[in-house]
Amino acid sequence: MNMLSSQLLGATAPVNVSPFMTHRASMSKRSKGLSSYGQVQEHDVASTTSATELMTMLFDKACVLLKTAMRALESNDTQAFHQSALHALQIVLSLRFVLDTDSGSELSQSLFGTYTTIAASLKKAKEEKDSAAIATIYEALDELRTAWHSVAKPQPEKSDRQ
């Protein structure tokens, strides 16, 4: 057994303890092991996913959340509406935050303005429970999502033959 396996599985010298303490210690070690596994899994997802793929995932999630918010409004589920709309708003603000606006890139500046407008519109639509405005915001995010997906698609390799 390697060192990491020993730590995760709790391999130690035998000690006389009560069955309660043994169960408690094993649950604690199990929790630590599961927590470590979760951290490794999150790291693996982040390290094996390109920035472009992460962007598409964020747009996908924001679009799903806006659809959920619209359905929640239709069914008068205020709590689900607010949770979904707020989560979508957080994603849009995060998209805005990660832009490199210091570089002076025209694209970054344009996207910053677009994300700011979408975030402000979504905040207002959330406060007013305006399903038509949320549908319009969904269309804008879906268009951006489609654009990111087209950028994320692997490009076919060009043949050396001419």
Say you draw a straight line from [atom1] of [X] to [atom2] of [Y]; how long is it, rounded to the nearest 0.5 Å?
X: S84; Y: L89; atom1: OG; atom2: CG; value: 12.5 Å
X: H149; Y: F59; atom1: NE2; atom2: CZ; value: 9.5 Å
X: D100; Y: F112; atom1: CG; atom2: CZ; value: 12.0 Å
X: T78; Y: L73; atom1: OG1; atom2: CG; value: 8.0 Å
X: K61; Y: T68; atom1: NZ; atom2: OG1; value: 7.5 Å
X: R71; Y: F81; atom1: CZ; atom2: CZ; value: 13.5 Å

Check your understanding: What do the steps show when you test L86 against K126 for side chain to side chain contact (heavy atoms under 4.5 Å, CB included), and what is the final call?
Key -> CA-CA 8 Å; L86 180 61; K126 178 185 171 298; 3.9 Å; yes
Distance-only donor-acceptor hits, side chain of residues 136-144, under 3.5 Å, sequence neighbours excluded:
{"residue": "T136", "atom": "OG1", "partner": "A132", "partner atom": "O", "Å": "3.1"}
{"residue": "D142", "atom": "OD1", "partner": "R145", "partner atom": "NE", "Å": "3.0"}
{"residue": "D142", "atom": "OD1", "partner": "R145", "partner atom": "NH2", "Å": "2.6"}

Is there a path of hydrophobic side-chain contacts, each under 4.5 Å between heavy atoms of I/L/V/M/F/W/Y residues, joining [Y] to [X]?
X: L99; Y: M55; answer: yes
X: L107; Y: V92; answer: yes
X: L95; Y: L54; answer: no

**Study point:** Atom of A119, atom of L93 and distance for their closest heavy-atom approach
**Key:** CB-CD2, 3.7 Å
Check your understanding: If you look at every heavy atom in A85 and A69, which pair is closest and at what distance?
Key -> N-CB, 4.2 Å
**Study point:** Stepwise side chain to side chain contact (heavy atoms under 4.5 Å, CB included) check, K129 with H82
**Key:** CA-CA 9 Å; K129 296 181 185 170; H82 283 294; 3.7 Å; yes
**Study point:** Pairs satisfying side-chain hydrogen bond (donor to acceptor under 3.5 Å, both in side chains), at least one member in residues 107-121, at least two apart
**Key:** R96-T116
Review point. Has the side chain of T56 got a donor or acceptor atom that lies under 3.5 Å from a matching backbone atom of E53?
Key: yes
Exercise for review: Count the heavy atoms belonging to other residues, nucleotides or ligands that lie under 6.0 Å from CD of E128, then report whether that count exceeds 12.
Suggested key: yes
